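Just below is one structure, and these are the notes that go with it.
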Amino acid sequence: MSGFVVKQPGLLTLIQDRGRFGAHNLGLTTGGPLDTLAFDWANRLLGNDENASCLEVSFGGLSLEAEVDTTIVITGAKGTCKIDGNEISQWQTYSIKKGELLEMGFATEGVRAYLAVAGGLDIAPSFGSSSTVVREKIGGIHGDKLQAGDELPCQPNAPSQHLRLAEEDQPNYGKQATLRVVKGYQQAAFDHVQHWRFFNSEYQVTERSDRMGFRLEGEVIHSSMVGMLSEGICHGAIQIPADGQPIVLMNDRQTIGGYPKIGSVISRDTARLAQLVPGSSVRFESISLEQAHNLHWLEKSRFLRTQPVKTAK
Amino acid sequence: MPLNIEIAGQDAFIVYFGEETSPTVSATIQIAVENIRAQMSEIIIDLVPSYSSLLVIYDLNKSDPFEVRAGLRQALSNLDADESGSGELVTLPVYYSEESGPDLGIIAERGNISIDEVIEIHQQQEYRVYAIGFAPGFAYLGEVDERIAAPRLSTPRQKVPRGAVAIADRQTAVYPAQSPGGWNLIGLCPTRMFNPEQQPSMPVQAGDRIRFKAIDRDEFLRLGGEL
């Protein structure tokens, strides 16, 4: 085998490519990286295909042994990372040699880190994607999070150069975020007062937040609906169940559900939400659909214009 | 039929086909799915049909809201359907018994009918696949005869076996995998509702019609069922 062996899997480490698309008709959800920006940078710094399979390391605690000479990069949540005992920087590519240990400590800022290897992990796709959705037992190596002893195949690689993303271009993961929302779905079932309250209150991220959805706590919001037929749920949808506490539905959400929704958070901001620890605070800001698309193209253009710098290492 | 196209999110619209569910609505949604697939395949990522709605997820990088809305209006402009006009008819075998369907007694008692009548009534009609979701391969089928409708259990079971045929209110379904669940169990179906190793991985899709057909214990085991 050429690749890596999992020594310690960490709390929740999942193989992810960009996600599983076109399988909602079977009831399969999207999966994929919660923080697409950090994921995209990981692959870009290594010159990988943008859909190459990486590890999403939630909370940290991962250690891998290399069985191949290759190049790696770690982006996303901050934490102490080491190769063979020597501390390395994040957002920077490094060579790793056969027999060396790659260790990631627990996340100290942000929650999700992305570990990419040159050429990507060689994982057979399931329904067109390697993305692991534990609830569905689909994707990854065995439809589950990484376990000690798992083998992560990849090809050897000898880089001609090393790259890093300049510090000023790296995102910061604080403990608050403003989440931009495109209003939609059952928005009309929430009266003026509810809208005002929703967009003018602060909500806390609770412990009951995971890859399916982030449950928030704060001002109670009521809809006038007494029951509705289940319908398709898109990424970022904000569901308001009877207790009036919003849930932002993320990558591993069920594809259909029957709670009223006031709108959906744009994907750039669900990525920021995914990096918040419980207790962090968020606010919602209403934007138009046109603004959402403008933002998408601005962010995309910014990503493409930002050039990594060469490093000696 | 009045149609309503609403924003769902930055890359999704949801089309509402009224507020009620019926076989005609389901057939209409099925035609909408076919039209959209045929006319907009380049920009559509996922379609999620449900009881009276259709979620349309498009590719942000290949299109914009104006084009998608206009495309949807066009694709939805001609949706004449009759009740049986579309969808495959699929027959699923079921081993109905108190051994395989522990809640048959409860349903019989509720409806003031015999267990044999419950089994008979469940097989009497065609069901529509209104939606697929909750779990991979979980098809929501409707609607069961009022005489065998039953509310969800007050305490859901930790473990419902794969293949369990179940009723909740006026919906019925076959559990695609072992999972927790609160529906009333009336039998077991040996047909796998979701098998990731197989192509196609599901025997049905949204818009299809389903009939259940009773089989005995031996036949159930012969078809690969497990007790």
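What you see is a predicted model, and the numbers here were worked out from it, not measured in a lab. Each chain gets a letter, A, B and so on, in the order its sequence line appears, and its residues count up from 1.
For the residue pair B/Gln10 and A/Ser267, a side-chain donor N or O sits within less than 3.5 Å of a side-chain acceptor on the partner.
Near-neighbour residues of residues 245-259 of chain A relative to chain B, defined by a heavy atom under 4.5 Å from a heavy atom of that chain, comprise A/Gln254, A/Thr255, A/Ile256. For residues 296-306 of chain A, a heavy-atom distance under 4.5 Å to chain B picks out A/His296, A/Trp297, A/Lys300, given by residue number.
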Considering only distance and modelled atom types, tabulate donor-acceptor pairs under 3.5 Å from the side chains of residues 144-154 of chain B, sequence neighbours left out.
unit_1	atom_1	unit_2	atom_2	d
B/Asp145	OD1	B/Arg147	N	2.8
B/Asp145	OD1	B/Arg147	NE	3.0
B/Asp145	OD2	B/Arg147	NH2	3.2
B/Glu146	OE2	B/Arg170	NH1	3.4
B/Arg152	NH1	B/Asp169	OD2	3.2

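Ranked by heavy-atom pairs shorter than 4.5 Å toward chain A, the options B/Tyr140, B/Tyr130, B/Phe138, B/Phe134 are led by B/Phe134. Counting heavy-atom pairs under 4.5 Å between each of B/Ala131, B/Ala139, B/Pro196 and chain A puts B/Pro196 at the top. No other option in A/Lys137, A/Glu231, A/Glu136, A/His235 has as many heavy-atom pairs under 4.5 Å with chain B as A/Glu231.
Only the side chain of B/Phe66 comes within contact range of chain A, with at least one heavy atom under 4.5 Å from a heavy atom of that chain. Interface residue B/Leu60: backbone and side-chain heavy atoms are both found under 4.5 Å from chain A. For chain B, the nearby part of A/Arg135 is the side chain; its heavy atoms alone come within less than 4.5 Å. Interface remark: B/Leu55 contributes side-chain atoms only to the contact with chain A (heavy atom separation under 4.5 Å). In this structure, the portion of A/Ile233 lying under 4.5 Å from any heavy atom of chain B is its backbone and not its side chain. With a 4.5 Å cut-off on non-hydrogen atoms, B/Ile45 touches chain A through its backbone and its side chain both. In this structure, chain A has heavy atoms under 4.5 Å from both the backbone and the side chain of B/Ala8. Looking at A/Gln187, neither its backbone nor its side chain comes within 4.5 Å of chain B, counting heavy atoms on both sides.
Rounding to the nearest 0.5 angstrom, the gap separating the OH atom in A/Tyr185 from the CZ atom in B/Phe13 is 12.0 Å. Note that CG of A/Leu28 and OG of B/Ser201 are 7.0 Å apart. Values are rounded to the nearest 0.5 Å.
Contact record, A/Leu229 with B/Glu19: CD1-O, 3.7 Å, taken as the closest heavy-atom pair. Listed here is the closest heavy atom pair of B/Pro65 and A/Leu289: CB-CD2, 3.6 Å. For A/His293 against B/Tyr58, the heavy-atom pair with the smallest separation is NE2-OH, 3.2 Å. Taking both residues in full, the closest heavy atoms of B/Val48 and A/Gly232 are given as CG1-CA, 3.8 Å, listed atom of the first, atom of the second, then distance.
Although no hydrogens or angles enter the test, the distance criterion places no donor-acceptor pair under 3.5 Å between the side chain of B/Asp46 and the main chain of A/Asn25.
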*After noting the C-alpha distance and the side-chain angles of A/Ser230 and B/Tyr51, does the key distance pass the side chain to side chain contact (heavy atoms under 4.5 Å, CB included) rule?*
CA-CA 7 Å; A/Ser230 285; B/Tyr51 294 93; 4.1 Å; yes

*Could you check A/Lys183 against B/Ile7 for side chain to side chain contact (heavy atoms under 4.5 Å, CB included), going step by step and ending with a plain yes or no?*
CA-CA 7 Å; A/Lys183 287 195 205 177; B/Ile7 295 169; over 6 Å; no

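More than 12 heavy atoms of other residues, nucleotides or ligands shown are found within 6.0 angstrom of CD on B/Gln178.
Residues A/Phe127 and B/Phe194 place their aromatic rings such that the two centres sit under 6.0 Å apart.
In this view, A/His142 and A/Asp144, A/Gln147, A/Asp150 satisfy the side chain to side chain contact (heavy atoms under 4.5 Å, CB included) rule, not counting sequence neighbours.
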